[in-house]
Each structure stands twice: as structure tokens, then as C-alpha cells.
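Structure record follows, encoded as C-alpha cells.
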Amino acid sequence: MADLRELYQEVILEHSKAPRNYRELAAANHSAEGYNPLCGDHFTVYLNLEGDSIRDISFQGSGCAISKASASMMTQTLKGKSRADAEKLFEAFRKLVTTGQANGDQPQLGKLAVFSGVSEFPVRVKCATLAWHTLQAALEGKQDTVSTE
Amino acid sequence: MTTAAKIPSRESAAPHLHVVGGAFTVEKVRRDFPILSREVHGKKLVYLDNAATSQKPRAVIDAISRYYEQGNANVHRGVHFLSEHATGEHERARRTVQHFINAADASEIIFVRGTTEAINLVAQTYGRTHVRAGDEVLITAMEHHSNIVPWQILCEEKGANLRVAPINDNGELLLEEFEKLLGPRTKIVALPHVSNALGTVNPVGRIVEMAHRRNIPVLVDGAQAVPHMKVDVHALDCDFYAFSSHKMFGPIGIGVLYGKSAMLEEMPPYQGGGDMISSVTFEKTTYNKLPFKFEAGTPNVAGAIALGAAIEYLNGLGMDNIAAYEHELLAYATEKISAIPAVRLIGTARDRAGVLSFVIEGIHPHDVGTILDQEGIAIRTGHHCAQPVMQRFGIPATARASFALYNTKAEVDTLAEGIRKVQEVFA
Ligand SMILES: Cc1ncc(COP(=O)(O)O)c(C=O)c1O
């Protein structure tokens with residue numbers, strides 16, 4: 001059960017049960033849908049972008065504990081950040097969940113570091129990154145649903 | 001002694017009998033499946049993903065190695081010893097399949113890649129020649145994607161309509177609704193014998209009767225039926241019956257399309273190439289007789305022979321004994337798992353086989369699957385290639401435990417404990 005506790009950290013379970021910023025954003029000027037066909041996880045990420053700055057961010061949808069907690073903590077982390085910060089954080093986060101390593105010179109992942117346990121469960125990497133892929137699509141203004149496949 | 005005797009044939013490896021006086025001894029059966037003794041994450045493997053693919057008994061594994069070590073040659077084209085021998089074994093496997101499902105003739109057994117290819121074959125040959133604009137193809141709300149998409153492709157091409165017979169909240173086909181959907185434009189009915197997502201066993205015999213009264217042919221997707229019960233295509237009177245070897249303890253990469261010869265005779269070929277012709281000139285090609293008309297190219301010889309070995313293994317155990325054993329096992333699992341608080345079964349049809357689909361309140365199936373995996377328990381989570389079924393029940397996914405003849409009540413207990421651990425993690 002040691003590995004499992006690494007994956008299902010208290011913070012992750014808590015966020016999956018009570019996700020933050022879980023709502024439609026009335027003032028959204030960007031949004032995108034993300035879908036993982038393998039497990040049926042499905043999220044919409046809403047953004048209120050002002051110039052290069054993420055003024056507000058929220059999400060809605062259904063998914064497993066990992067994907068939901070990841071989406072919840074992503075929205076918390078990104079509020080007030082710039083587009084470039086978001087891109088850098090995604091890079092760092094992706095590295096964390098695939099290798100378990102945080103990048104020294106990358107921006108601070110802060111609380112997102114709890115997702116390092118995901119790297120021990122390769123099939124769950126897509127769960128952890130679904131919201132981030134969706135965010136990226138929303139930032140790029142893509143209209144299509146992004147898919148993890 | 002002739003040289004032929006030097007190739008050990010399957011008879012020399014006849015399955016041991018595990019049935020004494022009608023009793024089925026699962027401990028003995030388990031010893032026939034080498035993989036069942038391995039561990040996963042340091043725990044004894046509890047393999048409950050049989051609806052995805054089943055494990056293989058020693059007899060099947062040996063049949064494959066024996067073929068490649070001693071018997072490998074191409075079929076239907078050589079005068080040399082090995083080619084003749086391989087052809088003989090390949091055709092013997094066809095007769096084994098024929099008798100297993102009680103087909104009238106070996107030429108009604110078409111070897112294909114699996115259930116998916118069998119259904120595509122019928123849609124592309126029978127379908128394309130009989131379905132016209134405005135016609136209808138009738139399926140059910142409990143199909144695997146492989147019994148939806150080939151018909152959608154056909155309907156799109158022809159401007160025909162795909163109709164879907166509804167199911168109730170238990171996952172049972174609504175027969176009156178089904179019958180109402182059989183109309184003058186219905187050109188073919190396709191339905192599963194057993195649903196892979198819900199476990200429902202459909203009353204195929206009655207459905208075939210309803211359709212035949214209106215001269216509508218019926219294709220049965222038997223992928224999830226053949227491993228669990230005696231299938232008799234003559235008694236069912238269906239026109240087509242499709243199944244996959246890999247779900248019935250045979251190798252991956254081969255499957256069967258049974259078709260009534262009257263139907264197969266008038267159908268155009270599916271693919272063109274070697275073996276399916278009797279003569280070729282640039283002006284005209286005449287097609288080979290059944291079943292070869294539908295088997296273009298070098299077939300999966302090892303696969304067919306090993307499928308034959310799987311069937312002989314099952315015959316040795318007796319399909320009726322297997323069905324009785326599994327019936328009791330599924331009843332035990334249903335009771336045990338549904339008694340766990342916050343667990344809800346998806347698929348509660350009166351007649352079920354092989355499958356126990358469930359959801360746990362507040363816990364996503366994907367998380368259930370990961371945690372059970374750490375306990376060595378292999379189940380499937382997701383939509384099971386049956387997204388419309390998930391939509392029907394308003395859920396994104398289920399966790400599915402699916403059983404085979406080698407599973408035990410002790411394994412069901414391990415699953416129940418595993419589910420309690422899942423609930424602990426999420427408590
Ligand atoms: C009911 C049903 N039909 C068809 C299929 C497709 O079988 P295959 O992938 O072997 O072609 C499956 C396999 O999952 C199934 O369960």
C-alpha cells in the first residue's frame with residue numbers, strides 16, 4: 001500500500017472530493033474541452049484572459065480522483081499567472097508526473113509536487129495531465145475537443 | 001511407421017479429464033493455465049479480466065509451439081509433406097469448430113481475425129448487396145462498438161438507417177419494443193448473445209424466430225457467449241454467428257464467422273487475393289468454393305490449429321459442466337459484491353453470464369482499477385467499448401470483473417476485500 005499512498009496523497013483525495021474553482025465561468029473569454037477516451041474523463045476549462053494574464057480560471061466535468069484533483073490544483077495555482085508562466089508550469093508538471101523529478105531551474109511547482117507519485121503509475125499520467133492539455137488548448141483558442149489519445 | 005507419425009499431433013496431448021461423475025474440479029483446471037501461478041506486485045494474480053481476453057491452457061500454448069517447431073508450412077498450395085500436413089491440421093481445426101457450435105457443414109466455418117472482422121465481413125458483403133437507401137439495420141442498446149460501427153459505415157454509404165432496440169434498467173432487451181422495430185425496411189438484425197458490458201444473456205432463439213417470421217436474417221455477436229455456454233447455431237437458427245478465439249482460451253489473432261451456407265453462397269467475396277480464387281486471368285476471375293471464397297491470403301494456420309486445441313480442451317471439461325460451475329460462481333460474486341455498502345451493480349438482468357459490472361459511490365472506476373491492481377487483481381475499468389451502454393445508465397464508466405472457468409470463490413472474496421481497501425483509501 002506504500003505506493004498507493006504516494007499516489008493518493010491526502011491533498012489529492014481532498015481536492016478530488018471538494019474541487020476548487022469547480023464552476024462555469026460567466027466571464028470566460030476562452031474555454032476548451034478535454035477528453036480521455038480510455039477512461040471517459042471529460043473536463044471543460046474556462047479562462048478569463050486579460051492580455052497575457054489569467055485573471056480567472058475554472059473547470060467542470062467528470063473524471064477520476066487524479067484528474068479531478070489535478071484540475072482543481074491547476075486552477076488554484078494559475079490564477080493571476082501569465083500565459084508564459086502557465087506554459088512553464090505545465091512543462092515542469094509534465095516532467096514531474098512522468099519522471100517523479102522536479103526540474104531545478106523550472107518555476108516552483110509548490111503544492112503541485114504532491115503529484116510526483118503519479119510517475120510510478122504510467123497509465124495514470126494522462127489523468128494527471130488532462131486538465132493541463134485542456135488549458136493549453138484554451139490558451140491557444142482551439143475550438144476542438146482535445147484528446148489524450 | 002510412416003513419416004507422418006513423427007509429427008506429434010494434438011491427439012497425443014489430449015486434455016486430462018477434470019470431470020469425474022459430473023463434478024468440476026477448479027483446482028485441477030487452474031493447473032492447466034501456467035500464467036495463473038504468477039504474481040503481480042508481489043501478490044497472487046487474480047485474473048478477472050476474461051471478457052477482454054482469456055488466459056491460455058498449456059494444451060493451446062503447446063499446440064502453437066508444436067506447429068512452429070514441427071509442422072510449419074503454408075496451406076492449400078504445396079505437394080510437399082509439410083504443406084499437406086499443415087493443410088490437414090488446418091481443415092481438421094475447422095471441423096472441430098463446426099462440431100463445437102453444431103454447424104451443418106465445415107464449409108460454413110470461415111476463419112477470420114476475430115469477432116470484429118467477422119461482423120465487418122457480413123456488413124461489407126451481405127450488407128452492401130442487400131441494404132439500400134431508406135432500408136434499416138436493427139441493433140440493440142447493449143452493443144460492443146464492433147457491432148455498431150461496421151453497420152454505421154454501411155448505413156452511411158447506402159443512406160440507410162441504423163435503428164436501436166432499447167433495454168430496461170436491468171440491462172434486458174425490451175422484446176416488445178424490439179419486435180415493433182422489425183419493419184418492412186429492416187434488412188438485417190445484429191445483436192450480442194451476451195453483453196460484454198452488462199453480462200445480459202439475450203433470448204437469441206426467440207429473437208431469431210421474430211425476425212425470421214418477417215424473413216429478416218440475424219447476425220449474433222457471440223464473443224462473450226462461447227467461453228461460457230454450449231452454443232448450438234442449428235438450434236438458435238441464426239444466419240451468422242461471430243466469435244473470437246482469444247476470449248475462449250485460444251490464441252489471439254483468429255476468430256470465426258459461421259454463416260448458413262445458403263447465405264454465404266450468394267454473398268460476394270470480402271477481400272481478393274490468393275486462396276479465395278479458383279482461376280484468375282486478367283479478363284475474369286472465378287472464386288473458390290466455400291469457405292475459401294472468404295479467406296483471401298495465407299491464413300493464420302497456427303491460430304486455427306491452436307483454436308482447435310482450445311476447443312478440444314473445453315470439450316474435455318464439458319461446456320455444460322463449465323456453464324454450471326460459472327453460474328454458481330457468478331451468483332456467489334453477485335451476492336458478495338452487491339452486499340458491500342455503496343456498491344451498485346450495473347447490469348442486473350435475470351439471465352447473465354461471465355460479467356459483473358459495478359460502480360462505487362463517490363469513487364471513479366479508474367481509481368478502483370489502480371488500487372485493485374496493487375492487490376494483484378486484474379479487472380477492467382472504463383466504457384468497455386460500449387459507450388452507448390454507459391450513456392444509457394448515465395455513468396462515464398464502470399469497473400468490470402469478468403469470470404472464466406478457472407476463477408474461484410476465494411478470488412471473489414479477494415475482490416471483495418480489495419473493494420473494501422479501495423473504500424479505505426477514499427474514506
Ligand atoms: C461482445 C463483444 N463483441 C465483439 C468484441 C470484439 O472482439 P475482437 O476484439 O476479438 O474482434 C468483443 C471484445 O471485446 C466483445 O466483447
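Just so it is clear, the values below take in all heavy atoms, side chains as well, and ignore hydrogens, waters and symmetry mates. Protein chains get the first letters and strands the later ones, always in sequence-line order, with residue 1 at the start of each.
A cation-pi arrangement, defined by a distance under 6.0 Å to the six-membered ring centre and an angle within 45 degrees of its axis, is absent between Lys68(A) and Phe43(A).
Note on Gly63(A), Ser62(A), Ser16(A): by heavy-atom pairs under 4.5 Å with chain B, the leading option is Gly63(A). Looking only at heavy-atom pairs under 4.5 Å with chain A, the residue among Thr370(B), Asp373(B), Ile363(B) that has the most is Thr370(B).
Using modelled atom types, one finds a donor on one side chain and an acceptor on the other under 3.5 Å when comparing Asn407(B) with Glu411(B). Counted by atom type alone, Asn21(A) and Tyr46(A) present zero donor-acceptor pairs between their side chains at under 3.5 Å. Side-chain contact check for Thr129(A) and Arg94(A): no donor-acceptor pair (N or O, by modelled atom type) lies under 3.5 Å. In this model, no donor atom of one side chain and acceptor atom of the other lie less than 3.5 Å apart for Arg380(B) and Thr398(B).
For a residue to count as touching a neighbouring chain, one of its non-hydrogen atoms must lie under 4.5 Å from one of that chain's; by this rule Lys17(A) touches chain B with the side chain only.
Ring geometry for Phe249(B) against Tyr406(B) counts as perpendicular: the plane angle is over 60°, on a 0 to 90° scale with 30° as the lower cut.
Put simply, CE on Met390(B) and SG on Cys385(B) are 10.0 Å apart, with the number rounded to the nearest 0.5 Å.
Among the residues in residues 112-120 of chain A, none has a non-hydrogen atom closer than 4.5 angstrom to a non-hydrogen atom of chain B.
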